[in-house]
Amino acid sequence: QVQLVESVGGSVQAGGSLRLACTYSAYTYATNCMAWFRQTPGNEHEGLVVMNTRDGATYFSGSVEGRFTISHDHAKKILYLQMNSLKPEDAGTYYCAADGRRFCGGAWRSKSNYDYWGQGTQITVSS
């Protein structure tokens with residue numbers, strides 16, 4: 001079992017930046033693929049980015065590529081999401097997720113491919 005805990009979200013004006021952190025309980029095979037998802041009311045979870053924590057390979061959704069970056073601190077067991085140039089449509093509940101598959105790129109946007117989830121954290125972006 002792996003526990004994931006997201007940092008407290010926040011509010012920002014459009015064009016601003018926020019950084020989210022996801023602290024996890026153990027660095028094991030189960031955290032080989034770690035991702036950030038976003039959910040807005042009435043919509044499915046949207047996969048934003050996934051990282052292979054072993055080799056650093058990352059895959060981004062087109063909606064955030066170039067604005068969001070993902071990073072990982074092995075020693076502290078923290079996954080970060082740096083969000084820049086935020087837009088009102090970036091608002092929602094953000095989740096980190098983890099899975100132990102070896103190749104992280106295949107179907108990475110599918111929620112069902114992740115075994116472990118954080119509780120979610122709210123981001124609001126005002127225009």
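All heavy atoms count here, side chains included; hydrogens, waters and symmetry mates do not. Quick caveat, the model's predicted, so the values are computed rather than measured.
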Taking the side chain as every heavy atom from C-beta outward, state whether [X] and [Y] have any atom pair closer than 4.5 Å.
X	Y	result
S7	Y80	no
R102	R54	no
I78	H72	no
Y94	E6	no
N32	N52	yes
Y95	H45	yes
T23	L4	no

Spacing of [atom1] belonging to [X] relative to [atom2] belonging to [Y], to within rounding of 0.5 Å:
X	Y	atom1	atom2	result
I123	T40	CD1	OG1	13.5 Å
C22	Y116	SG	OH	13.5 Å
F60	W108	CZ	CH2	8.5 Å
Q3	K77	CD	NZ	12.0 Å
D99	N113	CG	CG	6.5 Å
Q122	T93	CD	OG1	4.0 Å

Show me, pair by pair, the donor-acceptor contacts under 3.5 angstrom made by side chains of residues 11-21, not counting sequence neighbours?
from, atom 1, to, atom 2, distance (Å)
S11, OG, T124, OG1, 2.5
S17, OG, N84, OD1, 2.9

Verify the neighbour count for atom CD of E44: are there more than 12 heavy atoms of other residues, nucleotides or ligands below 6.0 Å?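 Result for CD/E44: open.
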Are [X] and [Y] connected in the hydrophobic side-chain network, where two residues link if heavy atoms are under 4.5 Å apart?
X	Y	result
V64	L86	yes
M34	W117	no
V125	L48	yes
M51	W36	yes
M83	I70	yes

Distance-only polar pair, side chains of Y114 and R101, donor-acceptor under 3.5 Å: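 There is such a pair (donor and acceptor under 3.5 Å, judged by atom type) between the side chains of Y114 and R101.
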Assess whether side-chain contact (heavy atoms from CB on, under 4.5 Å) is satisfied between F68 and V49, documenting all intermediate values. CA-CA 9 Å; F68 290 13; V49 58; 5.9 Å; no
Between E46 and S63, does a side-chain hydrogen bond (donor to acceptor under 3.5 Å, both in side chains) hold up when you go through it step by step? CA-CA 10 Å; E46 175 190 7; S63 63; 3.0 Å; yes
With under 30° as parallel and over 60° as perpendicular, where do the rings of Y27 and Y24 fit, or are they tilted in between? tilted
Short question: side chain of T31, backbone of T28 - any donor-acceptor pair under 3.5 Å? yes
